[in-house]
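The structure appears below as structure tokens.
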Amino acid sequence: MLELELEEKGYDQRLLGNLNLQISAGDRLALVGPSGCGKTTLLNIIGGLDRAFKGQRRLADPEPKIAYMFQEPRLLPWRTVEQNLRMVCSCRNQALDLLDEVELLDAACRYPRELSLGMARRVALARALALEPDLLLLDEPLVSLDPSTALRMLRLVEKLLRKRPKMALVLVSHNPDDADRIGAQLLQFDTVTGEVLLPNNEKTASAGQLLV
Amino acid sequence: MLELELEEKGYDQRLLGNLNLQISAGDRLALVGPSGCGKTTLLNIIGGLDRAFKGQRRLADPEPKIAYMFQEPRLLPWRTVEQNLRMVCSCRNQALDLLDEVELLDAACRYPRELSLGMARRVALARALALEPDLLLLDEPLVSLDPSTALRMLRLVEKLLRKRPKMALVLVSHNPDDADRIGAQLLQFDTVTGEVLLPNNEKTASAGQLLV
Amino acid sequence: MSSRLRDYLAVTAGLVCIWQLAATLIADPMLPGPVAVFQSIVTEWRSGALLHHLGVTLRRVTIAFVCAMILGTLLGWVMGRSLRANRLLDPLLLLFLNLPALVVIILLYVWMGLVEAAAVLAVIVNKVPNVAATIREGARSLDPQLEEMAEAYRFTRWQRIRDLWLPQLFPYLMASMRTGLALIWKIVLVVELLGRSDGVGFQLHLAFQLFDVTSILAYSFSFIAIVQLIEWGVLQPLEKRARRWQGEMQHA
Amino acid sequence: MSSRLRDYLAVTAGLVCIWQLAATLIADPMLPGPVAVFQSIVTEWRSGALLHHLGVTLRRVTIAFVCAMILGTLLGWVMGRSLRANRLLDPLLLLFLNLPALVVIILLYVWMGLVEAAAVLAVIVNKVPNVAATIREGARSLDPQLEEMAEAYRFTRWQRIRDLWLPQLFPYLMASMRTGLALIWKIVLVVELLGRSDGVGFQLHLAFQLFDVTSILAYSFSFIAIVQLIEWGVLQPLEKRARRWQGEMQHA
Amino acid sequence: AKDAAANELPKVRVGMLQFGTAHWELAHIQQAGLDRKHGYKLELLPLANSSAGRLALTAGNVDWIVGDWVWAAERTLQGAPLRFIPFSTRIGEIMVPTDSGIASVADLRRKRIGVAGGPQGKSWQLLNAAAAKQGIDLAQAAEVSFGAPPLLSRELEAGRLDALLTFWHFAARLEASGQFKPAISAVSISESLGLDSRLPLLGYLANQQWVVENQTLASNFASSIYASKSDLREDRPWETLRPLMRVNDDASFQALRQGYRSGEPEALLSAAMLESANRAWPYLRHEKHPLPLAIFQGVSQGQGLTLYQSKAQQ
Ligand SMILES: Nc1ncnc2c1ncn2[C@@H]1O[C@H](COP(=O)(O)OP(=O)(O)OP(=O)(O)O)[C@@H](O)[C@H]1O
Ligand SMILES: Nc1ncnc2c1ncn2[C@@H]1O[C@H](COP(=O)(O)OP(=O)(O)OP(=O)(O)O)[C@@H](O)[C@H]1O
Ligand SMILES: [Mg+2]
Ligand SMILES: [Mg+2]
């Protein structure tokens with residue numbers, strides 16, 4: 001549903017390059033790499049937010065619906081939690097159901113300022129899930145959560161994946177267990193050259209086609 | 001160096017209560033608890049930023065110098081990384097040394113906008129360490145970092161603790177290993193009542209005195 | 001609210017007392033006391049003149065205010081968001097910002113005649129650049145992270161306006177509404193002075209020629225009272241609502 | 001920079017052409033063409049009158065601008081930060097914001113005589129509330145997280161001003177500087193008209209009495225040219241520097 | 001039926017200052033029905049100051065305003081020909097405190113003089129010219145401040161001025177207060193310049209085109225003006241005009257009434273008067289262009305300058 005030919009992307013220096021990435025329905029991908037290696041940058045490119053790169057990004061027809069959970073919560077501070085979800089949800093019930101699932105039904109009427117960071121991130125997760133996308137981009141979705149909450153949130157994502165098996169997922173995570181659980185193919189950033197993206201094909205070769 | 005008698009703290013509902021906390025030189029404390037249980041709130045109270053609670057907070061004389069690494073980076077967006085550190089550092093060399101230690105010397109002249117989240121958090125860590133405090137408050141300092149960088153950052157904190165053994169440390173972390181490594185006493189938030197703070201005395205009873 | 005009202009009354013009463021004291025001490029017809037001014041207001045009110053002129057001026061102020069805010073916000077928005085538009089329009093903005101009110105008024109009156117439309121248009125032309133210059137700064141200071149978020153979630157145009165842009169522009173809008181109302185009313189005074197036969201500006205100038213400071217103050221304070229009512233009835237509730245998310249301390 | 005200059009020249013040239021065309025078509029002494037205005041500028045320049053009056057007005061504008069910006073920023077800051085101060089000062093702010101320039105000018109002239117100090121003071125009194133109303137909105141919109149950070153790291157007063165508050169107030173300061181310069185110069189015109197014997201306002205009024213639109217435009221454009229120079233020499237470099245952290249797109 | 005008839009009458013729109021002197025005679029026209037008697041309906045547009053009047057005439061919103069012929073001449077030279085019919089000979093007065101020693105132009109040296117109407121004011125220009133004849137450059141020799149007339153009256157009262165050249169109705173009020181007196185008569189200034197002191201400076205101004213296109217209407221208007229003037233030589237009509245004068249005491253009332261009457265222009269703009277205007281022109285405007293005498297044709301289409309006959313002349 002999405003094809004990316006990334007020749008080069010960089011700011012002052014070259015950051016990413018020589019990457020051919022094809023994401024098809026049902027693919028699961030996990031981006032792994034050291035801090036500052038360009039994971040978020042790649043996600044931005046995939047998500048279509050960053051167009052300042054050398055290369056091409058092609059979308060299937062009909063265009064896939066993309067949901068992106070950012071690394072920061074990025075909630076609208078002047079809207080309550082519920083209103084923030086309603087920006088994306090089709091109806092009120094869906095918003096409340098999702099809030100229930102991320103265990104924040106009590107906080108529906110609060111403003112983001114009144115949430116802890118972990119709570120705000122869960123709202124952001126709920127918002128990404130609310131869109132019922134064809135391609136889900138999650139940038140470190142489980143960070144800032146205690147292990148048991150993190151597990152429950154992961155299960156929530158799994159549940160959605162089971163419910164919509166055709167949904168593709170790109171996950172950034174520093175926790176290899178998360179990727180394992182979802183059965184995602186690891187996409188390891190080369191830490192030595194700092195620029196080339198290498199597929200870690202040992203795990204699962206079935207999902208996704210990566211051409212370097 | 002700090003004594004906290006917290007009778008009650010809450011927003012709409014009671015959040016924390018019945019907590020007597022004494023932090024002396026050299027104490028190491030790790031706050032653990034589910035998302036939204038009040039860890040950051042407690043840190044704010046200890047740090048003296050939140051005075052809207054029932055109870056008392058007493059500081060030793062001379063007042064201990066407190067450094068607080070927030071859960072978000074909270075860098076000044078209009079100042080470069082180096083300038084952000086220089087707000088706290090006494091001299092340029094110290095700032096550059098610290099930047100080197102958090103592996104961000106290259107980014108000294110960048111604005112926070114141009115950093116990845118993990119990098120920004122490392123700058124925030126460097127800023128907290130730069131103060132050379134008597135009491136160091138770290139709110140999830142290793143989050144958003146890949147495991148190996150996280151380890152190196154933890155070592156950095158350890159190094160400082162070794163260098164200044166009289167420094168007290170309060171750490172919020174969801175990773176029990178981190179607390180272990182630093183040899184901190186776990187302070188577990190009760191997840192059932194959601195309000196009382198229980199000391200987990202099995203680990204180390206020597207450091208800190210907790211009276212519930 | 002009741003404590004606010006009390007505060008307000010206390011401050012106002014204090015001011016009036018100081019004024020009365022000063023007026024009594026100086027005892028100069030150039031500094032009439034509050035009593036004299038109040039009497040003048042009552043007289044003008046009874047004669048119907050106050051209401052008439054105030055009404056006429058208010059109508060002009062309202063039309064000009066609404067038009068200038070809308071046009072100025074749009075213009076400032078475009079200039080703040082598009083580098084290209086800013087480059088093209090910046091010389092024009094600066095020109096109109098600093099063109100003396102007098103020039104615009106004269107030219108419009110001469111071209112269009114001393115008609116109501118010319119008067120209101122002159123005010124709008126004077127005010128639009130001010131609003132635009134303020135809103136432009138706001139449009140340049142938007143949060144790019146939220147912008148990206150809205151992009152990613154494909155917010156509709158309307159959602160962007162209502163939920164993303166307006167809240168961020170809000171302080172700039174408030175600033176330009178508050179200073180704008182004041183500026184517009186000041187320009188309306190000049191406009192009325194130069195080419196209208198009614199309105200507060202006309203009356204103020206007549207009073208000025210007779211050096212009747214009492215009437216001048218009577219008309220001025222009547223208008224200020226109306227602005228105070230707008231402030232209480234519209235602007236402050238609006239501000240309170242719009243700043244609710246910031247918590248208690250912020251909305252004053 | 002060079003492409004900016006090119007753009008600017010292109011736009012200006014375009015405007016001048018349109019103006020010349022309109023002037024030629026309408027052929028009315030009320031709409032002199034750019035050539036006539038330019039000739040008038042040259043004549044006035046040669047005679048020394050332009051420089052003299054412009055200088056006098058600029059001095060008044062500068063003094064009033066600096067004083068009003070400083071006082072207004074302080075006042076707006078205090079009102080934006082302290083609920084109590086805002087309650088006490090809000091009625092006063094509203095009063096002075098909406099007191100017609102004429103009233104202030106007359107009263108000050110009457111009390112202090114037709115002296116320079118009265119003229120400048122009148123402008124300051126007119127402008128301070130405008131700055132305050134704008135800055136107050138800025139002071140209410142500060143980031144509480146950064147505030148906490150500064151508190152935790154015990155920033156000195158000076159660090160807070162320079163590194164925390166000024167950058168956040170910057171867009172509000174720019175807005176009030178740009179609209180402020182325009183407003184001050186407009187009020188200076190009225191002040192000069194009513195009680196000074198020199199300055200651009202005085203000259204404008206003379207020209208107005210003769211319906212000499214050419215001179216009016218000549219003086220107006222001379223002043224606008226100076227503002228344009230200030231814009232290029234001071235405000236835009238300042239803005240460019242202060243907005244550098246936002247990246248390329250933002251500083252226009 | 002009478003109203004209906006009045007509605008059908010052609011309208012003449014006149015812009016005047018709300019509390020200006022012209023308002024008195026115009027109001028009398030309306031009150032005494034002189035307009036209907038002369039076959040037109042007078043419509044008054046109150047304006048806040050003289051600039052507004054000039055704008056109104058230029059913009060075509062009124063047919064007549066009160067102004068001076070110097071401005072009319074200038075507009076005519078700029079290509080917008082105007083016509084002038086005399087309204088008043090009064091110009092400014094120099095007022096000084098009653099105990100002041102200022103009695104002549106020469107005495108003004110090194111004094112603080114306030115000047116209403118700006119440096120282009122007619123009286124100031126004439127005063128300057130008179131001083132120049134005596135070898136005095138007043139602008140240099142005295143400390144001159146220009147300003148708005150009410151503010152200048154205040155300055156004089158506050159003792160911050162030694163002498164004030166101001167419009168006659170402001171002067172009349174000052175004089176009525178008993179603390180000030182006229183120092184140098186306008187007549188003596190005019191005469192020292194060789195000008196006829198009866199030269200009317202102020203008049204009703206209309207666009208020439210309007211006068212030409214509304215010939216009868218224009219002359220009817222002019223006739224009614226002078227009918228009004230002659231009525232106002234009586235005291236009786238003044239009682240109804242008093243509210244328009246905004247006076248608090250009888251002294252001011254009488255001073256204003258007297259001032260108005262003494263300013264009534266000569267009925268006939270004689271050739272000698274035109275010659276006087278011609279001589280005054282260089283003092284009032286230092287321009288190369290000769291005075292366009294056509295403005296003095298008043299409401300007539302032809303060359304004749306005999307426009308009306310006042311009762312005094314009959
Ligand atoms: N606007 C920018 N200008 C210059 N450099 C930038 C900009 N944005 C990002 N970078 C740089 O690009 C690199 C990659 O950033 P990115 O945010 O993609 O890292 P990341 O892999 O997501 O790291 P983390 O795990 O810390 O989130 C970083 O070195 C960062 O400094
Ligand atoms: N300003 C506020 N108004 C109302 N409630 C608040 C406010 N700030 C925090 N809270 C609530 O207080 C509780 C504790 O918040 P806190 O930030 O201390 O949590 P935390 O333990 O740090 O969680 P996390 O691990 O997610 O950071 C949360 O339920 C939060 O919703
Ligand atoms: Mg990232
Ligand atoms: Mg927290």
Side-chain angles (χ1 to χ4, degrees), chain D residues 23-24 26-33 36 40 43 47-49 52-53 56 100-119 122 189-217 219, chain E residues 48-60 65 67-68 70-82 112-122 124-125 138-139 142-161 164 205 284-287:
Chain D
T24 319
I26 299 179
D28 179 328
M30 288 293 124
L31 182 64
S40 169
T43 317
S47 78
H52 168 67
H53 293 292
V56 170
L102 190 67
V103 175
V104 178
I105 295 169
I106 295 173
L107 291 182
L108 283 178
Y109 272 152
V110 166
W111 294 334
M112 303 175 60
L114 298 181
V115 293
E116 189 72 18
L189 295 189
V190 181
V191 168
E192 287 176 346
L193 159 69
L194 287 177
R196 300 272 73 205
S197 306
D198 49 12
V200 177
F202 181 74
Q203 289 297 103
L204 277 188
H205 199 68
L206 289 189
F208 177 48
Q209 289 190 327
L210 302 172
F211 262 48
D212 180 358
V213 181
T214 316
S215 294
I216 293 182
L217 290 182
Y219 271 93
Chain E
N49 68 11
S50 55
S51 305
R54 292 166 178 177
L55 260 181
L57 183 68
T58 310
I65 60 164
D68 58 84
V70 181
W71 184 72
E74 241 142 31
R75 288 291 291 151
T76 304
L77 288 175
Q78 284 172 17
L82 298 181
R112 297 165 298 173
I113 323 174
V115 176
Q120 290 167 343
K122 268 49 73 181
W124 168 245
Q125 305 253 13
L138 262 193
E143 192 183 312
V144 181
S145 46
F146 300 105
L151 285 175
L152 289 170
S153 295
R154 238 336 255 208
E155 293 284 289
L156 185 67
E157 283 168 357
R160 289 188 286 245
L161 291 176
L164 170 62
L205 305 178
L284 298 171
R285 278 299 164 273
H286 314 279
E287 290 194 22

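Side chains included, hydrogens not; waters and symmetry mates left out as well; all remaining heavy atoms used. Chain identifiers are assigned alphabetically (A, B, ...) following the order of the sequence lines, protein sequences preceding nucleic acid strands; residue numbering begins at 1 within each chain.
Both the backbone and the side chain of E:L55 come within less than 4.5 Å of a heavy atom in chain D. Contact of E:E155 with chain D is made through the side chain alone, with heavy-atom distances under 4.5 Å. Neither the backbone nor the side chain of E:V70 comes within contact range of chain D; no heavy atom of the residue lies under 4.5 Å from a heavy atom of that chain. Interface remark: E:P149 contributes no atoms to any contact with chain D (heavy atom separation under 4.5 Å). Interface residue E:R54: backbone and side-chain heavy atoms are both found under 4.5 Å from chain D.
D:Y109 meets the ring-ring contact (aromatic ring centres under 6.0 Å, His included) test with no other residue; sequence neighbours excluded. Taking the side-chain hydrogen bond (donor to acceptor under 3.5 Å, both in side chains) definition, one finds that D:S47 meets it with nothing, sequence neighbours left out.
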- Task: Check the pair D:V200 / D:L189 against side-chain contact (heavy atoms from CB on, under 4.5 Å), numbers first and verdict last.
- Result: CA-CA 7 Å; D:V200 177; D:L189 295 189; 4.3 Å; yes
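Ranked by heavy-atom pairs under 4.5 Å with chain E, the first of D:L114, D:D212, D:L193 is D:L114. Counting heavy-atom pairs closer than 4.5 Å to chain D, the top-ranked of the candidates E:S51, E:G118, E:G147 is E:S51.
Note: E:W71 CH2 to E:L82 CG = 5.5 Å, rounded to the nearest 0.5 Å.
Checked by atom type and distance alone, the side chain of E:T76 pairs as donor or acceptor with a backbone atom of E:A72 at under 3.5 Å.
Put simply, the side chain of D:L206 reaches to within 4.5 Å of the side chain of E:P119, judged on heavy atoms.
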